[in-house]
Asks: 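Structure provided below as structure tokens; questions to follow.
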Amino acid sequence: MAPPQGSRAPLEFGGPLGAAALMLLLPVTMFHLLLVARSGPARLLGPPPYLPGLEELWSPWALLLCLTWLGLQAALYLLPARKVAEGQELKDKSRLRYPINGFQALVLTALLVALGVSAGLPLSALPEMLLPLAFAATLTAFIFSLLLYLKALVAPASALAPGGNSGNLIYDFFLGRELNPRICSFDFKYFCELRPGLIGWVLINLALLMQEAELRGSPSLAMWLVNGFQLLYVADALWYEEAVLTTMDIIHDGFGFMLAFGDLAWVPFTYSLQAQFLLYHPQPLGWPLASFICLINAVGYYIFRGANSQKNTFRKNPSDPRVADLETISTATGRRLLVSGWWGMVRHPNYLGDLIMALAWSLPCGVFHLLPYFYFLYFTALLVHREDRDERQCLQKYGLAWHEYCRRVPYRIVPYVY
Ligand SMILES: NC(=O)C1=CN([C@@H]2O[C@H](COP(=O)(O)OP(=O)(O)OC[C@H]3O[C@@H](n4cnc5c(N)ncnc54)[C@H](OP(=O)(O)O)[C@@H]3O)[C@@H](O)[C@H]2O)C=CC1
Ligand SMILES: CC(C)CCC[C@@H](C)[C@H]1CC=C2C3=C(CC[C@@]21C)[C@@]1(C)CC[C@H](O)C(C)(C)[C@@H]1CC3
């Protein structure tokens, strides 16, 4: 049985109080957004149109659908993979192995959905079920986090995450105690991060598009754009699935309520906000403006993909010809840091690209409502906070070399601004 690590790691997210507040605030915000998106005024900062009763939130069918979805994605995860990748080295010097078959899961899901729809599956009825589905996903995430917490009680100390083991129940439940909770080779965090939530998000978007087609004869250009951009983002994440193995969530964060709720509920139900908004508030969009928005998305994607691939290639094999000529600085750990290429422009070029894309996803919704810009605002806050966490972790890992990197590359996310 693993002893708690005490409070060696500094507390993040405002400690236990912050964690408790976030556990309440995040689901409340998600339900607020779902209710407001379908209301006439669609005011992000106004009160919700009404407070739903339990009978509107709770539906055994929604829970069944939610669990069936998780079961389907788990089955697709277990199918033979085209490749098995190794993760980063762990505290005990071992490396975990991960199946690379996320894109295959996306394609198979698309085929199954297409088959289902042609056989009469009423996908366009899904938008009407968003509230009970979000409630079921929240309940599932809560119970799942509880099980993860209990599992961590019997995990060896070497399996625990650097944070999330303060000894405070609420804080540890929120952040997650175990770094890579698994049953046999089934890795819960890796599975949840990329499959049910991300694929669920594009499925909800598609259902909204289909309902718009039923309501108005055809989907609007704005709806096509939002669906297309977000499908590209999700398909990219699954195509470059291996790159997720070098992200902070996999390397550093435990698996607790924050990620379980984030992956299973927050991503599908709030990241589809623009499409939800467009269904109830159609926006005129002409081709010239649509082309300009596509250009913004393309620029964001180019930076995002370029930066993430460069770091991933470099971390996997620094002598790879694609990165071998880049300038680097050495660190005491033996790992080097890139100081040219994308990572010489700002210290988080991938965040910059991601933020530019986030803006492009909101622009098709016009400029007269703040609600569709929620994702951009939340994401800016998330990435600024995340960048700050990462800086502290890197300073701890690399010490003087990190100071040198900051001196050589002074801007964090936006060149000459931040
Ligand atoms: N859509 C969404 O909701 C979200 C999307 N994201 C996206 O996920 C992606 C991953 O983000 P995240 O995990 O936060 O962070 P990063 O992928 O940027 O990873 C940070 C790590 O990269 C390594 N690193 C930093 N600087 C350098 C350098 N100069 N040279 C080489 N390695 C370096 C360090 O780890 P080490 O040295 O140990 O390798 C550091 O800890 C981003 O594109 C982000 O935008 C993130 C959060 C939410
Ligand atoms: C709302 C809470 C306070 C925090 C929840 C955060 C999570 C929703 C995000 C944390 C990191 C994420 C990543 C992606 C999705 C959102 C979460 C889970 C990501 C899978 C999206 C697609 C990208 O291409 C990526 C780089 C693979 C992302 C990795 C991080």
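Side chains are part of it too, since the values below use all heavy atoms of this structure and drop only hydrogens, waters and symmetry mates. Keep in mind that what you see is a predicted model, and the values were worked out from it rather than measured. Atoms within a ligand are numbered from 1 in the order they appear, just like the ligands themselves.
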Asks: Select one of side chain, backbone, both or neither to describe which atoms of Phe13 lie under 4.0 Å from any atom of ligand 2, heavy atoms only.
Replies: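 Near ligand 2, Phe13 shows nothing, with every heavy atom at 4.0 Å or more.
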
Asks: Does a side-chain heavy-atom distance below 4.5 Å link Trp361 with Val226?
Replies: no

Asks: Output yes when the distance from some N or O of ligand 1 to some N or O of Leu383 is under 3.5 Å, and no in every other case.
Replies: no

Asks: Please report which non-hydrogen protein atom sits nearest to atom 1 (N) of ligand 1, along with the residue it belongs to and the distance in Å to one decimal place.
Replies: Tyr233 OH, 2.8 Å

Asks: Report the member of Asp354, Val409, Asn312, Asp390 with the shortest heavy-atom distance to atom 45 (O) of ligand 1.
Replies: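 Selected option, by shortest heavy-atom distance: Asp354.
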
Asks: Could you tell me whether atom 9 (C) of ligand 2 has at least one protein heavy atom nearer than 4.0 Å?
Replies: no

Asks: Any N/O of Tyr271 closer than 3.5 Å to an N/O of ligand 1?
Replies: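 Between Tyr271 and ligand 1 (N or O atoms, distance only) the closest approach is under 3.5 Å.
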
Asks: Return the option from Glu391, Lys311, Arg408 holding the heavy atom at the smallest distance from atom 19 (O) of ligand 1.
Replies: Lys311

Asks: Which is closest to atom 26 (C) of ligand 2 by heavy-atom distance: Tyr240, Phe304, Phe379?
Replies: Phe304

Asks: Which of the atoms of ligand 1 are close to Tyr398, meaning less than 4.0 Å from one of its heavy atoms?
Replies: 36 (P), 37 (O), 38 (O)

Asks: Quick one: does Lys397 get an N or O within less than 3.5 Å of an N or O on ligand 1?
Replies: yes

Asks: Taking 4.0 Å as the limit for heavy-atom contacts, which would you say applies to Val234 with ligand 2: side chain only, backbone only, both, or neither?
Replies: neither

Asks: What protein heavy atom sits nearest atom 43 (O) of ligand 1, and how far away is it?
Replies: Asn308 ND2, 3.0 Å

Asks: What atoms of ligand 1 come within less than 4.0 Å of a heavy atom belonging to Leu382?
Replies: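 This gives 47 (C), 48 (C) as the contact atoms.
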
Asks: Is Arg335 close to ligand 1, meaning an N/O of one under 3.5 Å from an N/O of the other?
Replies: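 Yes, since at least one N or O of Arg335 sits under 3.5 Å from an N or O of ligand 1.
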
Asks: Judging by distance only, is a nitrogen or oxygen of Arg336 under 3.5 angstrom from one on ligand 1?
Replies: no

Asks: Below 4.0 angstrom, counting only protein heavy atoms, does anything approach atom 8 (O) of ligand 1?
Replies: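 No, no protein heavy atom sits under 4.0 Å from atom 8 (O) of ligand 1.
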
Asks: Out of all atoms in ligand 1, which are within 4.0 Å of some heavy atom of His348? Include the element for each.
Replies: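 Within the 4.0 Å cut-off of His348, ligand 1 contributes 18 (O).
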
Asks: Do the rings of Phe257 and Phe261 sit parallel, tilted or perpendicular, given the 30° and 60° boundaries?
Replies: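 Phe257 vs Phe261 ring planes: parallel.
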
Asks: So which heavy atom in the protein is nearest atom 15 (O) of ligand 1, and how far is it from that ligand atom?
Replies: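 So the nearest neighbour among protein heavy atoms is Tyr351 OH, 3.5 Å.
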
Asks: Do ligand 1 and Arg386 have nitrogen or oxygen atoms that lie under 3.5 Å from each other?
Replies: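 Indeed, backbone or side chain, Arg386 has an N or O that close.
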
Asks: Considering heavy atoms of the protein only, find what lies nearest to atom 13 (O) of ligand 1 and give residue, atom and distance to 0.1 Å.
Replies: Met248 N, 2.7 Å

Asks: Got the closest protein heavy atom to atom 11 (C) of ligand 2, with its distance?
Replies: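 Protein heavy atom with the smallest distance to atom 11 (C) of ligand 2: Asp249 OD2, 3.0 Å.
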
Asks: Kindly confirm or rule out a cation-pi arrangement of Arg195 over Trp201, judged by NZ or CZ under 6.0 Å from the six-membered ring centre and within 45° of its axis?
Replies: no

Asks: Atoms of ligand 1 less than 4.0 Å from Trp343 heavy atoms?
Replies: 18 (O), 26 (N), 27 (C), 29 (N)

Asks: Within ligand 2, which atoms have a heavy atom of Asp263 less than 4.0 Å away?
Replies: 18 (C)

Asks: What residue and heavy atom of the protein are closest to atom 10 (C) of ligand 1, and at what distance?
Replies: Thr247 CG2, 3.6 Å

Asks: Considering the options Tyr233, Tyr351, Tyr240, which one meets the ring pair (Phe, Tyr, Trp, His ring centres under 6.0 Å) requirement together with Phe304?
Replies: Tyr233

Asks: Can a protein heavy atom be found under 4.0 Å away from atom 28 (C) of ligand 2?
Replies: no

Asks: Give a yes or no on whether the backbone of Asp249 and the side-chain of Lys189 come within a donor-acceptor separation of less than 3.5 Å.
Replies: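 Answer holds: yes.
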
Asks: Look at the aromatic rings of Phe379 and Tyr375 and report parallel, tilted or perpendicular, splitting at 30° and 60°.
Replies: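 Judged by the thresholds at 30° and 60°, the geometry between Phe379 and Tyr375 is parallel.
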
Asks: One residue to check: Arg305. Relative to ligand 2, which of side chain, backbone, both or neither has a non-hydrogen atom less than 4.0 Å away?
Replies: neither

Asks: At under 4.0 Å between heavy atoms, is it the side chain or the backbone of Val267 that contacts ligand 2, or both, or neither?
Replies: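 It is the side chain that touches ligand 2; the backbone stays farther off.
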
Asks: Give the numbers and elements of all ligand 1 atoms closer than 4.0 Å to a heavy atom of Phe304.
Replies: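 By the 4.0 Å cutoff, the relevant atoms are 43 (O).
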
Asks: Can you tell me the protein heavy atom closest to atom 13 (C) of ligand 2 and the distance?
Replies: Glu193 OE2, 3.5 Å

Asks: For Tyr375, is the nearest heavy atom under 4.0 Å from an atom of ligand 1?
Replies: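 Yes, Tyr375 has heavy atoms under 4.0 Å from ligand 1.
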
Asks: Which protein heavy atom lies closest to atom 2 (C) of ligand 1, and at what distance to 0.1 Å?
Replies: Phe379 CE1, 3.2 Å

Asks: So is there a nitrogen or oxygen of Asn350 less than 3.5 Å from a nitrogen or oxygen in ligand 1?
Replies: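 For ligand 1, there is an N or O atom that lies under 3.5 Å from one belonging to Asn350.
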
Asks: What do you think, any protein heavy atom under 4.0 angstrom from atom 19 (C) of ligand 2?
Replies: no

Asks: To check your reading of the model: name the closest protein heavy atom to atom 25 (C) of ligand 2, its residue, and the distance in Å.
Replies: Ala237 CB, 4.7 Å

Asks: Would Gln393 count as a contact residue for ligand 1, given that I'm defining contact as a non-hydrogen atom of the residue lying under 4.0 Å from a ligand atom?
Replies: no

Asks: Any idea which of Cys394, Gly353, Ala237 brings a heavy atom closest to atom 34 (C) of ligand 1?
Replies: Cys394

Asks: Check the orientation of Phe13 and Phe174. Use parallel for under 30°, tilted for 30 to 60°, and perpendicular for over 60°.
Replies: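 Correct class here is perpendicular.
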
Asks: Considering non-hydrogen atoms of the protein only, which is the closest contact for atom 32 (N) of ligand 1, and what is the distance?
Replies: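 For atom 32 (N) of ligand 1, the nearest protein heavy atom comes out as Arg315 NH2, 3.2 Å.
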
